[in-house]
**Q** 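There's a structure below that I have some questions on.
In each ligand, atom 1 is the first atom listed, and ligand 1 is the first ligand listed. Values below: all heavy atoms of this structure, side chains included; hydrogens, waters and symmetry mates excluded. Positions are given from 1 along the sequence.
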Amino acid sequence: MIELKNREEIEGIRTSGHLLADLFRHLDGMIGEGMSTYDVDKICLDFIKKHHAIPSCLGYMGYPNATCISVNDTVIHGIPSKHEILKDGDLVSVDITLEYKGFVSDSTHTYEIGKVSREVHQLNAVTEKALYNAIDAANRKGARLHDIAKAVEDTCAPYGYGIIRDYCGHGVGFAIHEDPLVYNYVSLKNPNNKLREGMVIAIEPMISMGTWKIDVLDDGWTVKTRDKSIACHWEHTVAITENGAEIMTV
Ligand code: MF3
Ligand code: CO
Ligand code: CO
């Protein structure tokens with residue numbers, strides 16, 4: 001069941017999302033070569049605590065950290081580690097979900113460490129563009145979930161990238177994962193609800209330079225591309241309001 005949010009609830013999610021955006025701005029100036037993914041997680045956890053928010057991922061289905069940090073061929077759910085040191089040329093996605101005053105927001109930014117290859121930079125730029133094109137699609141009158149998926153497909157098609165099929169976006173706001181599922185590819189099997197005022201969804205294209213096929217490692221979390229190709233992930237929490245699709249996490 002899709003739980004619609006009223007005006008005050010959307011205001012609560014907006015405040016939560018703005019705090020999360022502040023965290024990314026904080027991280028923008030700090031993340032870099034030589035840091036471990038654990039260090040990055042620590043910066044995020046400290047910020048979340050300092051601002052009286054709750055790290056929603058910590059303990060979620062037994063997940064051990066505040067953030068998911070996914071380097072290169074890790075698509076999503078990378079577990080922060082003291083042994084994983086960021087190096088020149090890495091592509092690193094940082095996925096953070098936080099709760100503030102009872103309202104949950106979810107966002108992912110992907111960082112280029114030092115100088116990445118032209119191909120990796122293109123993947124990052126196209127994935128971010130796919131997210132914004134999907135948000136534009138959600139902003140159109142009468143839009144449905146498949147319009148979001150179609151926008152991601154159309155953005156990636158010229159590049160031959162793989163669109164991850166086994167994971168998707170989701171409703172968000174009261175909890176980390178709510179209805180509906182928001183896929184990044186079009187299929188009659190996927191939900192195609194009309195977007196309506198009060199819906200709040202996390203839109204999150206997960207894109208690889210090669211195959212869409214993935215494997216989950218034995219740790220039960222880490223999702224890698226099967227062909228070891230580099231992958232990328234961008235995510236925003238988006239509310240459908242009377243004024244259209246509004247990004248909460250900016
Ligand atoms: N933030 C993730 C998402 O976008 C959820 C991560 S769940 C965790 O849906 F347990 F792995 F943290
Ligand atoms: Co997320
Ligand atoms: Co999400």
**Q** Please write down residue, atom name and distance for the protein heavy atom closest to atom 11 (F) of ligand 1.
**A**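 The closest one turns out to be Trp221 CZ3, 3.3 Å.
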**Q** Considering only non-hydrogen protein atoms, determine which one is nearest to atom 3 (C) of ligand 1 and report residue, atom name and distance to 0.1 Å.
**A**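 Here the nearest protein heavy atom works out to Asp106 OD2, 3.3 Å.
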**Q** If the Co ion (ligand 2) is the vertex, what is the angle to OD1 of Asp106 and OE1 of Glu235, rounded to 10 degrees?
**A**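 So the angle at the metal works out to 90°.
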**Q** Is it true that His83 and Tyr38 have ring centroids separated by less than 6.0 Å?
**A**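 No, the ring centres sit 6.0 Å or more apart.
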**Q** Give the numbers and elements of all ligand 1 atoms closer than 4.0 Å to a heavy atom of Glu235.
**A**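 Reading through ligand 1 atom by atom, the close ones are 4 (O).
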**Q** Check for me whether Cys68 has a heavy atom closer than 4.0 Å to any atom of ligand 1.
**A**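 Yes; Cys68 lies near enough to ligand 1 that a heavy-atom distance drops under 4.0 Å.
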**Q** Check each atom of ligand 1 against the heavy atoms of Glu204 and keep those under 4.0 Å away; list them by number with element.
**A**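 Answer for ligand 1: 3 (C), 4 (O), 9 (O).
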**Q** Under a plain distance cut-off of 3.5 Å, with no hydrogens placed, do Thr155 and Asn133 share a side-chain donor-acceptor pair?
**A**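 Yes, a side-chain donor-acceptor pair sits under 3.5 Å.
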**Q** Going by distance only, is there an N or O of Tyr63 that falls short of 3.5 Å from an N or O of ligand 1?
**A**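 Between Tyr63 and ligand 1 (N or O atoms, distance only) the closest approach is not under 3.5 Å.
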**Q** What residue and heavy atom of the protein are closest to atom 7 (S) of ligand 1, and at what distance?
**A**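 The closest heavy atom on the protein side is Tyr60 CD2, 3.7 Å.
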**Q** Between His233 and ligand 1, does any nitrogen or oxygen pair lie at a separation below 3.5 Å?
**A**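 So ligand 1 has no N or O lying under 3.5 Å from an N or O of His233.
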**Q** Using the ring of each side chain (for Trp, its six-membered ring), is Phe24 parallel, tilted or perpendicular to His109, with breaks at 30° and 60°?
**A**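 Plane angle under 30°, so parallel.
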**Q** Got an N/O contact under 3.5 Å between Thr97 and ligand 1?
**A**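 It does: an N or O of Thr97 is found under 3.5 Å from an N or O of ligand 1.
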**Q** With nothing but distance in play, are any N or O atoms of His170 less than 3.5 Å from an N or O of ligand 1?
**A**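 Between His170 and ligand 1 (N or O atoms, distance only) the closest approach is under 3.5 Å.
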**Q** In terms of hydrophobic clusters joined by side-chain contacts under 4.5 Å, are Val120 and Ile207 together?
**A**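 Yes; Ile207 is reachable from Val120 via cluster members.
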**Q** Quick check on the Co ion (ligand 3): does His177 put an N/O/S atom closer than 2.8 Å to it?
**A**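 Here the distance criterion (N, O or S atom, under 2.8 Å) is not met by His177, so no.
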**Q** Which is the closest N/O/S atom of Glu204 when seen from the Co ion (ligand 3)?
**A**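 For Glu204, the N, O or S atom at the smallest distance from the Co ion (ligand 3) is OE2.
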**Q** Side chain, backbone, both or neither: which applies to His177 and ligand 1 if a contact is any heavy-atom pair less than 4.0 Å apart?
**A**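 Under 4.0 Å from ligand 1, His177 contributes side-chain atoms alone.
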**Q** Are Asp46 and Lys50 within salt-bridge range, i.e. N to O under 4.0 Å?
**A**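 Salt bridge absent between Asp46 and Lys50.
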**Q** For Arg226, I'd like to know if atom CZ has over 12 heavy atoms of other residues, nucleotides or ligands within 6.0 Å.
**A**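 Check passes, neighbour count above 12.
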**Q** Aromatic rings Tyr185 and Tyr183: how do their planes relate, parallel, tilted or perpendicular, breaks at 30° and 60°?
**A**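 Correct class here is perpendicular.
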**Q** When the ring centroid of Tyr60 is compared with that of His177, is the distance short of 6.0 Å?
**A**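 Between Tyr60 and His177, the centre distance is under 6.0 Å.
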**Q** Please tell me whether Met199 and Val172 are part of a single hydrophobic cluster in this structure, the criterion being side-chain heavy atoms less than 4.5 Å apart.
**A**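 Looking at the clustering, Val172 is in a separate group from Met199.
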**Q** Does Asp95 bring an N, O or S atom to within less than 2.8 Å of the Co ion (ligand 2)?
**A**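 Yes, since at least one N, O or S atom of Asp95 sits under 2.8 Å from the Co ion (ligand 2).
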**Q** Short N/O distance, under 3.5 Å, between Asp95 and ligand 1?
**A**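 Yes - when backbone and side-chain N and O of Asp95 are compared with those of ligand 1, one distance drops under 3.5 Å.
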**Q** Among Thr97, Asp95, Thr249, whose side-chain hydrogen bond (donor to acceptor under 3.5 Å, both in side chains) with Thr108 holds?
**A**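 That would be Asp95.
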